[in-house]
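First comes the structure, then the notes that go with it.
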Amino acid sequence: MTLSFFDQFMSPTLLGIPLIALALTLPWVLFPKPSSRWLNNRVLTLQSWFINGFAQQIFQPINQEGHKWAALLTSLMIFLITLNMLGLLPYTFTPTTQLSMNMAFAVPLWLATVIIGMRNQPTHALAHLLPEGTPTPLIPILIMIETISLFIRPLALGVRLTANLTAGHLLIQLIATAALVLLPLMPTVAILTGALLLMLTLLEVAVAMIQAYVFVLLLSLYLQENV
Amino acid sequence: MPQLNPAPWFTILMFSWLIFLTVIPPKILAHTFPNEPTHQSTEKPKTDPWAWPWH
């Protein structure tokens, strides 16, 4: 019984079309390309504000070299937040629940930051493996610990996003099923479960936005260390 | 867990990066912001005080 709740995350197909393909291609109609008009419509203005504000916010602590990543990280933010939010609609497929996709973004981008650090400033990048003021006997073990924590970063990045969104969707499905099943039996409890479901949905909206932001923020921090 | 099925992993990787690299950056980069950001200077601007009557 429990296993069937995970079926919502299987890569679904409809008439032979993998729905993940539709879920990845169709959301971008919500982001029209701005024309050369001075004043755009409301949707475009709001998107512009968001993009500009986000880029300023993320790149403020990074030095000039890191600003080359502005287009990439802003695109990633729009990508993730759109996929997360649209996944909360009923019957939509959320590609970010797939570990494959999140690791596909986390590993190359993290690796890029590490390689940039090792190429441009190898001493500085390696110095991150040893915090300042470490007592001498602790140095070997601390370097091992820091190396492990370095390599765990992409894993954590991918799994964090996957697990948060999967857990959220699973909870929504479970509580919705509970509310539905309880409705003929104990209507009051069903209504309370419905209220719980409403609050959970609001939480999931917040989680969708926060998780996308955290993913990009952490990548920007890894960039900051290495650039 | 169906997400751990390794069969479509590479396809998903390729497809999502394809969309991420081709579709989204042109839309993002097309947003232009007409005002240049200015540094806030610590000096107060040298202006003459209001020396003429209101009307």
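Every chain is numbered from 1 and lettered A, B, ... according to where its sequence line falls, protein lines coming before strand lines.
Between the CD1 atom of I78(A) and the CD1 atom of I24(B) there is a distance of 8.5 Å, given to the nearest 0.5 Å. Expressed to the nearest 0.5 Å, how far CG of L73(A) lies from CD1 of I28(B) amounts to 11.5 Å. The distance from the CD atom of Q98(A) to the CH2 atom of W9(B) is 9.5 Å, given to the nearest 0.5 Å. For the atom pair W17(B) CH2 and L24(A) CG, the distance stands at 13.0 Å (nearest 0.5 Å). The line from CG of L29(B) to OG of S75(A) is 6.5 Å long, rounded to the nearest 0.5 Å. Put simply, CH2 on W49(A) and CZ on F33(B) are 12.0 Å apart, with the number rounded to the nearest 0.5 Å.
At a 4.5 Å heavy-atom cutoff, A55(A) makes no contact with chain B through either its backbone or its side chain. With a threshold of 4.5 angstrom between heavy atoms, P95(A) does not approach chain B through any atom at all.
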request  = Check step by step if side-chain contact (heavy atoms from CB on, under 4.5 Å) holds for L13(B) and M103(A).
outcome  = CA-CA 9 Å; L13(B) 183 149; M103(A) 295 304 283; over 6 Å; no
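Using modelled atom types, no side-chain atom of K33(A) and backbone atom of A30(B) make a donor-acceptor pair closer than 3.5 Å.
Residues K27(B) and P32(A) approach most closely at NZ-CA, 4.4 Å, considering heavy atoms. Minimum interatomic distance between H31(B) and I51(A) (heavy atoms only, all atoms of both residues): CD2-CD1, 3.6 Å.
Chain B forms the most heavy-atom pairs under 4.5 Å with one residue out of T74(A), N52(A), N40(A), and that residue is N52(A). Contact tally against chain B (heavy-atom pairs below 4.5 Å) for A21(A), S35(A), A71(A): the top residue is A21(A).
Around CH2 of W52(B), the count of heavy atoms belonging to other residues, nucleotides or ligands within 6.0 Å exceeds 12.
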